[in-house]
Amino acid sequence: MALSVATWNVNGIRARLDTVADWLGRAAPDIVALQEIKIADEGFPAEPFERLGYNVATHGQKSFNGVALLSRLPLEDVSRGLPGDDGDHQARYIEAVVSAGAGGSVRVASLYLPNGNPPDSDKYSYKLAWMDRLNRHAADLLALEEAFVLAGDYNVIPADGDVHDPAAWAGDALCLPETRARFRALANLGLRDALRACDWRAGQYTFWDYQAGAWQKNNGIRIDHLMVSPQAADRLNAVTIARAERGGEQPSDHVPVVAEFDFQGASR
DNA sequence: ATGGTAGCCTCGCTA
């Protein structure tokens with residue numbers, strides 16, 4: 001069966017409710033990983049999404065961060081928080097198993113990796129530690145030898161082709177060698193950057209700052225990624241960046257990225 | 001030219 005998985009940093013689900021519902025109605029993705037919902041679980045407006053046919057699981061907090069999963073198929077075994085640090089209470093990770101009927105199942109996570117700026121602060125050491133934890137968790141998931149997708153706002157610009165002005169961004173927490181090394185380490189475990197599995201063109205951005213006319217000048221960066229296990233990469237058909245959504249009414253500063261899989265037959 | 005904008009629900013922080 002065909003299955004589409006989208007990731008979208010919405011920058012506040014309350015402010016973006018109409019924008020997100022409108023896109024879901026048009027694009028009809030099967031599974032959606034949302035980031036920066038900026039609301040506690042009890043305040044999440046689940047009903048508009050349920051009316052559109054989605055099951056909803058959230059891991060939110062007041063004002064900042066917050067992630068969610070929407071799925072047309074049932075969400076099972078939902079787990080909240082990235083393993084590896086019981087003292088970390090920032091809401092940046094949710095994972096669930098989506099049962100795809102006779103086609104098997106696919107595990108999906110929505111993650112919001114720390115921004116890390118400025119690089120000389122404890123925010124950057126938190127980012128690097130968070131990436132180390134993510135890589136350890138990914139290694140644990142790989143041992144299951146199942147199809148899975150780690151989708152989200154990674155706050156990582158993987159390579160210079162993913163930023164409009166590499167020199168200007170070289171010292172940013174999204175670009176620094178220590179950041180990129182950890183992102184490469186995730187790939188070296190065996191995960192595939194879904195877009196790069198399908199398409200190597202430079203300049204395919206997923207974020208344009210609200211400030212300084214970044215969208216009008218196409219001053220973008222690519223930081224929203226779907227990292228997929230080998231079992232999922234084998235089923236990957238196409239990846240689309242919904243670039244037009246940046247130009248709509250009340251846009252997020254990020255646009256959706258959608259990966260399409262074909263899980264025909266049993267998952268290997 | 002060290003600006004600019006958006007969300008949250010504050011008198012500033014985060015991005």
Side-chain angles (χ1 to χ4, degrees), chain A residues 7-23 33-46 48-49 58-68 82 88-93 110-131 134 151-158 162-176 178-180 182-183 205-225 241-257:
Chain A
T7 182
W8 196 5
N9 180 323
V10 295
N11 189 24
I13 193 61
R14 277 172 294 189
R16 215 66 62 211
L17 197 49
D18 292 345
T19 301
V20 174
D22 176 67
W23 181 74
L34 300 176
Q35 300 88 39
E36 280 205 273
I37 61 174
K38 295 187 174 181
I39 196 166
D41 291 334
E42 55 269 27
F44 188 90
F49 302 111
T58 65
H59 181 41
Q61 67 181 87
K62 187 182 172 186
S63 300
F64 303 116
N65 307 320
V67 289
L82 182 64
D88 180 7
H89 299 300
Q90 296 190 31
R92 296 180 176 275
Y93 190 90
S110 177
L111 66 93
Y112 178 45
L113 206 149
N115 177 293
N117 279 304
D120 61 355
S121 70
D122 56 2
K123 290 181 183 179
Y124 191 56
S125 47
Y126 173 66
K127 175 179 192 152
L128 296 180
W130 205 96
M131 295 184 82
L134 178 65
D153 177 358
Y154 279 71
N155 271 311
V156 174
I157 298 169
D162 298 312
V163 50
H164 64 97
D165 186 350
W169 284 77
D172 192 277
L174 281 61
C175 273
L176 282 169
E178 296 91 332
T179 305
R180 285 181 168 172
R182 281 164 177 79
F183 189 72
Y205 307 136
T206 65
F207 168 93
W208 296 260
D209 202 291
Y210 288 122
Q211 303 181 63
W215 166 243
Q216 289 76 10
K217 299 176 198 166
N218 194 28
N219 287 347
I221 57 179
R222 188 176 74 92
I223 57 176
D224 299 277
H225 310 299
I241 298 173
R243 195 176 191 284
E245 302 314 306
R246 186 62 179 82
E249 295 288 314
Q250 289 277 92
S252 170
D253 40 6
H254 298 248
V255 296
V257 184

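Computed from heavy atoms alone, side chains included, the values below leave out hydrogens, waters and symmetry copies. Letters go in sequence order (proteins before strands), and every chain restarts at 1.
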#### Entry: Pairing residues for A:Asp41 by the salt bridge (charged side-chain N to carboxylate O under 4.0 Å, His left out) criterion, not counting sequence neighbours
none

### Task
Determine, for nucleotides 7-15 of chain B in 5'-to-3' order, which nucleotides have protein heavy atoms under 4.0 Å from the base (write B), from only the sugar-phosphate (write S), or from neither (write -).
SSS----SB

#### Entry: Residues forming a side-chain contact (heavy atoms from CB on, under 4.5 Å) with A:Ser121, sequence neighbours excluded
A:Pro118, A:Lys123

### Task
Can you sort out the partners of A:Asp162 under salt bridge (charged side-chain N to carboxylate O under 4.0 Å, His left out), two or more places apart, ordered by chain and number?
A:Arg196, A:Arg222

### Message
Between B:dG3 and B:dG7, how many Å separate the two P atoms, rounded to a whole number?
### Response
22 Å

### Query
Looking only at atom P, what distance separates B:dG4 and B:dC8, rounded to whole Å?
22 Å

### Query
How far does the P atom of B:dT14 sit from the matching atom of B:dC9, given to the nearest Å?
14 Å

### Message
Run the salt bridge (charged side-chain N to carboxylate O under 4.0 Å, His left out) test against A:Asp88 and tell me which residues pass, sequence neighbours left out.
### Response
A:Arg133

### Query
Mind checking what makes side-chain contact (heavy atoms from CB on, under 4.5 Å) contact with A:Lys127, not counting sequence neighbours?
A:Leu113, A:Pro114, A:Tyr124, A:Met131, A:Asn155, A:Ala173, A:Leu174, A:Thr179

